[in-house]
Amino acid sequence: MTWELHLLLLLGLGLRSQEALPPPCESQIYCHGELLHQVQMAQLYQDDKQFVDMSLATSPDEVLQKFSELATVHNHSIPKERLQEFVQSHFQPVGQELQSWTPEDWKDSPQFLQKISDANLRVWAEELHKIWKKLGKKMKAEVISYPERSSLIYSKHPFIVPGGRFVEFYYWDSYWVMEGLLLSEMASTVKGMLQNFLDLVKTYGHIPNGGRIYYLQRSQPPLLTLMMDRYVAHTKDVAFLQENIGTLASELDFWTVNRTVSVVSGGQSYVLNRYYVPYGGPRPESYRKDAELANSVPEGDRETLWAELKAGAESGWDFSSRWLVGGPDPDLLSSIRTSKMVPADLNAFLCQAEELMSNFYSRLGNDTEATKYRNLRAQRLAAMEAVLWDEQKGAWFDYDLEKGKKNLEFYPSNLTPLWAGCFSDPSVADKALKYLEDSKILTYQYGIPTSLRNTGQQWDFPNAWAPLQDLVIRGLAKSASPRTQEVAFQLAQNWIKTNFKVYSQKSAMFEKYDISNGGHPGGGGEYEVQEGFGWTNGLALMLLDRYGDQLTSGSQLASLGPHCLVAALLLSLLLQ
């Protein structure tokens, strides 16, 4: 009955049944089915995510039975008011299954603060350190007692969330969060988050995009091995590595088995990876938008569109002109073809993971496995140099499988292999600097733009994102050239000033920033800009730790107490 109903709904959205792909999960409430369809299309909430994050007051069977009776009474055209009443009666407000959690290992004055020379930046860093206490979440016992009543995926250990509408964990966000937590000397919190991710790999074979069942069939940029590396480097907890090395290998196997593609270049065939999510229907958390977008493409192309949107979400770049390569109008989201691109960043992340796995196995005395991963990295490195690297431009580029050529547009992700240490020529950092100069990127004073195209999508101009600043800054910092290292510092200085300025105005950190006219909270995309914010805080702490003796706030004020930070920062801006 469930699958047939899913097909009927897809037919109602204009699809032929033989083209239907499986839904993102089996739940007839949170992933597919008439209840989800009617509620989301009625637009009961401004944000589609709100409904699928609400837990049930009773069992799914009971809720579905009551809904079936309601639908029958109204001949399957339920008035909006009746739907609203139904949801209020059978669902609970968002967040009921989660409780706020103050990490037990949080403490005042972590040591890295002493590295920060600028008094205002040091006070600000203390404020950022305190935000971890606001972003901690712990699951209530009912999530494991009644898992079917919630869209949450159970996590045994508490965790840090991004913030705002994102009250569950997210995969790639957590890497920058963990880097910040380790600077805050919160290794126990990091270990718990790592354990949650390892448990997910054991259960599902991969780490989902985020901590909801509607995210189950898509992952995110694979940084688990890097997370383990940072944790072990900080704690020397080799026993934890030994215990979980097989699970790290399983996660990389998921990408090999499910996300691999062959590319022919120069008469030779190479194997690389892509984002690919062959699951159908609108994304539950953006259901109405996806259903309406599907009206703009031919009926037979709708399932493909929805799968490509999910692949775009898997990339972490949801959404960007990087993926809008398939239609007559490259500014339209309906042009999305994520799975037809071989991304420079994804392959760099995997290349780095293969190197780390080789190092891990060597450390654990397993030479056979160490050699295996060393060879895998060497094969990928050769493939990336043959397919993605452009000597003339001095960067790597996504490869378009359909057009058979590189996408030469600027994206910070083009330098991810530099950040990941996935190159053989030590001069690439200086070539990357020339690439940034040629692309006029160094003329932006408030951060590195996500692209040079303004499509209205959030992963495009004029937005700038913390992880992308990191890819470029730490990539350039690998150079032996003092000039290239100085540019890395200046980019860090630009970003810190933007974060600091906006914090002084808004008393908040944001997921993204608009760098087009002085630095402001970002915009565009599918939802309002969110406060918090996990990875922004993490990178700010990383840069303050790395360059703390050089960075300045741009403020002329003397030392401040935390209680007057915001007022004082506002005053400093007025004085300027």
Side-chain angles (χ1 to χ4, degrees), residues 162 170 172-173 175-176 220-221 275 309 311-325 330-333 335-336 338 341 343-346 348-349 393 395-398 407-419 432 435-476 488 491-492 494-499 502 509-530 533-536 538-540 543:
Y170 284 80
W172 80 312
D173 293 60
Y175 163 68
W176 285 274
Q220 261 193 338
Y275 296 109
L309 290 167
E314 181 169 80
S315 78
W317 289 54
D318 42 343
F319 293 104
S320 169
S321 59
R322 272 184 86 184
W323 317 129
L324 307 186
V325 295
D331 285 351
L332 292 180
L333 189 53
S335 300
I336 191 165
T338 319
M341 304 300 286
D345 49 359
L346 171 59
F349 294 140
K393 291 193 174 288
W396 297 260
F397 296 91
D398 300 340
N407 176 6
L408 296 177
E409 292 282 339
F410 170 79
Y411 301 101
S413 51
N414 296 343
L415 297 184
T416 312
L418 183 58
W419 175 89
Y435 168 66
L436 292 172
E437 290 172 333
D438 292 346
S439 306
K440 306 284 192 290
I441 299 307
L442 302 184
T443 64
Y444 293 94
Q445 296 176 26
Y446 301 97
I448 302 156
T450 307
S451 78
L452 298 178
R453 287 179 54 190
N454 191 342
T455 61
Q457 298 302 329
Q458 62 171 350
W459 288 83
D460 272 319
F461 189 86
N463 284 341
W465 295 78
L468 306 187
Q469 312 303 305
D470 185 37
L471 296 180
V472 177
I473 292 166
R474 282 202 289 161
L476 293 178
L491 293 169
N494 293 348
W495 186 246
I496 287 295
K497 278 190 177 177
T498 296
N499 284 189
V502 174
M509 298 291 282
F510 292 87
E511 61 169 344
K512 56 184 179 265
Y513 293 82
D514 177 341
I515 58 155
S516 60
N517 56 352
H520 301 279
E526 299 186 303
Y527 55 84
E528 294 299 311
V529 65
Q530 301 296 299
F533 195 85
W535 62 13
T536 312
L539 179 65
L543 296 178

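Predicted, not measured: the structure shown is a model, and the values here were computed from it.
- Trp396 has its side chain out of reach of Asp345: every pair of non-hydrogen atoms, C-beta onward, lies at least 4.5 Å apart.
- One N or O on the side chain of Gln530 and one on the backbone of Glu528 form a donor-acceptor pair closer than 3.5 Å.
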Exercise. Do Asp398 and Tyr411 pass the side-chain hydrogen bond (donor to acceptor under 3.5 Å, both in side chains) test, and can you show the C-alpha distance, the side-chain angles, and the key distance before you say yes or no?
Worked result: CA-CA 10 Å; Asp398 300 340; Tyr411 301 101; over 6 Å; no
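- Taking all atoms of both residues into account, the shortest heavy-atom contact from Arg453 to Pro330 is NH2-O, 3.0 Å.
- With hydrogens and angles ignored, the 3.5 Å screen pairs a side-chain donor or acceptor of Ser451 with a backbone N or O of Phe461.
- Listed for the Asp514 side chain is no donor-acceptor partner under 3.5 Å among the backbone atoms of Pro521.
- Shortest non-hydrogen contact noted between Ser320 and Leu324 is O-CG, 3.3 Å.
- Judged purely by atom type and a 3.5 angstrom limit, Asn463 uses its side chain to pair as donor or acceptor with the backbone of Gly523.
- Note that CG of Leu543 and CG of Asn499 are 8.5 Å apart. Values are rounded to the nearest 0.5 Å.
- Thr443 OG1 to Gln445 CD: the interatomic distance, rounded to the nearest 0.5 Å, is 8.0 Å.
- Nearest heavy atoms, Pro417 versus Ala344: CG-O, 4.2 Å.
- When atom types are taken as modelled, the side chain of Gln458 and the backbone of Asp318 share a donor-acceptor pair closer than 3.5 angstrom.
- Between the Thr536 side chain and the Ala466 main chain, no donor and acceptor come within less than 3.5 Å of each other.
- For the side-chain hydrogen bond (donor to acceptor under 3.5 Å, both in side chains) with Ser321, the qualifying choice from Asn454, Asp460, Asp331, Thr450 is Asp460, the only one to do so.
- Using a 30° and 60° split on the angle between ring planes, Trp172 and Phe349 fall in the perpendicular class, above 60°.
- Side-chain atoms of Gln469 and Leu491, non-hydrogen and from C-beta on, never get closer than 4.5 Å to each other.
- Within a 6.0 Å radius of CD in Glu437, other residues, nucleotides and ligands contribute more than 12 heavy atoms.
- Evaluated for a ring pair (Phe, Tyr, Trp, His ring centres under 6.0 Å) with Tyr513, the options Trp495, Tyr444, Phe533, Trp465 yield exactly one hit, Trp495.
- Here the closest non-hydrogen pair linking Pro412 and Val472 is CB-CG2, 4.0 Å.
- When atom types are taken as modelled, the side chain of Thr498 and the backbone of Tyr446 share a donor-acceptor pair closer than 3.5 angstrom.
- The backbone N or O of Trp317 sits less than 3.5 Å from a side-chain atom of Ser315, completing a donor-acceptor pair.
- Residues Leu476 and Leu436 have side chains in contact (heavy-atom distance under 4.5 Å, counting atoms from C-beta outward).
- Taking both residues in full, the closest heavy atoms of Arg322 and Asn407 are given as O-ND2, 4.1 Å, listed atom of the first, atom of the second, then distance.
- For the pair Ile448 and Ile515, the tightest heavy-atom approach, listed with the atom from each and the gap, is C-CD1, 4.0 Å.
- The backbone N or O of Glu409 sits less than 3.5 Å from a side-chain atom of Asn414, completing a donor-acceptor pair.
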